[in-house]
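Here it is, the structure, as structure tokens.
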Protein chains: 2
Amino acid sequence: MRTPAMDNQALLSCIEKVFRLHGYEAASLTLISQATGLERASLYHRFPGGKVEMALSVANQVFLSFQTNVFEVIDSAQKTEEKLAAIQAFLLRFYEEGRLSCLLDTMSLSTQDQSLNTGLKQSLEAWIAAFSRLATELGCSPKEAEAKALGAIVNMQGTLVVSRVLKDNTAFLASISDLGRLLRGAH
Amino acid sequence: MRTPAMDNQALLSCIEKVFRLHGYEAASLTLISQATGLERASLYHRFPGGKVEMALSVANQVFLSFQTNVFEVIDSAQKTEEKLAAIQAFLLRFYEEGRLSCLLDTMSLSTQDQSLNTGLKQSLEAWIAAFSRLATELGCSPKEAEAKALGAIVNMQGTLVVSRVLKDNTAFLASISDLGRLLRGAH
DNA sequence: GTCTATAGCTTGATAGAC
DNA sequence: GTCTATCAAGCTATAGAC
């Protein structure tokens with residue numbers, strides 16, 4: 001047992017980037033090999049299930065990252081404004097200021113793999129639920145909160161697509177800046 | 001010269017669906033062959049440039065469809081409310097009530113093809129410009145109109161992604177219903 | 001744990017019969 | 001204009017040396 005050239009988390013981050021840049025199908029093992037510096041055969045040692053297992057692992061790591069940086073922040077004891085600021089900072093970093101797509105977008109096309117599709121769906125549901133709790137804290141009624149949460153996420157997904165097509169991240173940056181406004185209750 | 005098994009427009013519609021369901025890379029010639037009923041070699045007779053030419057032709061056909069059903073409607077002499085209703089009906093049909101993705105989304109991932117990326121960008125810019133004119137008609141100031149137009153399109157793109165992931169088109173249907181509200185000026 | 005080498009299949013694309 | 005047959009290159013995945 002030689003020592004790994006890269007720990008699992010760093011490896012997954014490299015693979016994540018390939019999936020987010022190219023989508024599931026176009027993310028070939030050759031591209032992943034180049035991005036990680038590991039030969040294709042080595043990737044199969046780390047992920048015996050092959051490309052599907054890589055995708056599932058990446059989706060899971062991203063979910064855990066959101067759990068730490070979004071969901072748990074929302075359920076923490078911080079002040080609401082501090083939560084909001086922390087989440088905005090995380091999202092800006094995670095989406096590289098709008099230049100890197102969302103896995104929910106790039107991996108939800110014709111994947112055929114049921115567990116991946118279910119995982120993406122459950123991640124999005126957890127995200128909506130967490131934003132709902134934050135919206136409630138920001139003065140929304142329970143019913144209003146879910147609508148605002150969905151609206152904020154829809155806005156981010158939409159601006160990510162538009163920013164990618166226009167090659168201009170202005171819309172995404174505005175989406176993050178507006179997050180507080182988007183989640184706040186009507187007065 | 002035998003008579004074509006399918007006219008060019010119907011052929012392009014079949015191919016369009018494959019690109020919108022699977023994205024550019026995953027849209028293999030085998031899938032396109034199955035969707036159109038033409039063998040791969042026959043597709044090369046219709047599109048000598050191969051897959052890239054198919055993608056460009058599809059993008060162009062969709063642009064022309066938007067030109068007819070959205071841009072020209074906006075610039076017509078109809079009443080504003082009638083324009084809005086016609087556009088809503090078209091968009092519902094075009095996106096199959098939220099069950100079929102947008103080409104701007106599925107074809108903008110790592111295409112490498114410069115003319116395709118430029119075409120998608122220009123199509124989106126034309127769409128934003130047209131919606132801006134409609135927003136102006138709906139009582140927006142020039143500056144406000146562009147923001148509302150962008151917001152309405154962002155909302156559609158976002159709800160399309162969310163509807164795809166959740167396998168629930170409720171959000172997209174709401175986006176279309178809200179189109180008037182989204183484009184109307186603040187009173 | 002990583003590598004080289006390779007199997008077996010699918011891809012995009014071409015040649016030529018009808 | 002569509003087809004069958006075929007090509008070279010790419011793909012995912014595996015075997016086995018170190």
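All values below were derived from every heavy atom in this structure, side-chain atoms included, with hydrogens, water molecules and symmetry-related copies excluded. Residue numbers begin at 1 in each chain, while the letters A, B, ... track the order of the sequences.
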Inset, instruction - Just call it for R40(A): base, sugar-phosphate, or nothing, with non-hydrogen atoms closer than 4.0 Å on any strand. - result: base

Inset, instruction - Mind calculating the distance between NZ (K51(A)) and P (dA13(D)) to the nearest angstrom? - result: 8 Å

Inset, instruction - Please state how far atom NE2 in H45(B) lies from atom P in dA15(C), giving the value in whole angstrom units. - result: 14 Å

Inset, instruction - Could you check how far OH of Y44(A) sits from P of dA13(D), rounded to whole Å? - result: 3 Å

Legend entry - Minimum-distance nucleotide (side-chain atoms of A41(A) versus dT2(D), dC3(C), dT11(C)): dC3(C)

Legend entry - Cationic N near anionic O, under 4.0 Å, D105(B) to R164(B): yes

Inset, instruction - Look at the side-chain N and O atoms of S42(B) and state whether any lies under 4.0 Å from the OP1 or OP2 oxygen of dG1(D). - result: no

Inset, instruction - Round to the nearest Å and state the distance from E25(A) atom CD to dT12(D) atom C1'. - result: 11 Å

Legend entry - Connected via hydrophobic side-chain network under 4.5 Å: V73(A) and M156(A): yes

Inset, instruction - Quickly work out the E39(B) CD to dG12(C) C1' distance and round it to whole Å. - result: 15 Å

Inset, instruction - Give the rounded distance in Å between these two atoms: CG of L29(B) and P of dG12(C). - result: 4 Å

Inset, instruction - Give A27(B) one of three labels, base, sugar-phosphate or nothing, depending on what nucleic acid heavy atoms sit under 4.0 Å from its own. - result: sugar-phosphate

Inset, instruction - Describe the nucleic acid contact of S28(B) in one word from base, sugar-phosphate, nothing, applying a heavy-atom distance below 4.0 Å. - result: sugar-phosphate

Legend entry - Rounded distance (Å) that lies between atom C1' of dT14(D) and atom CD of E53(A): 15 Å

Legend entry - Ring geometry between Y24(B) and F19(B) (parallel below 30°, tilted from 30 to 60°, perpendicular above 60°): parallel

Inset, instruction - Please state how far atom CD in Q34(B) lies from atom C1' in dG12(C), giving the value in whole angstrom units. - result: 15 Å

Legend entry - Residues R99(A), E97(A): salt bridge by 4.0 Å N-O rule: yes

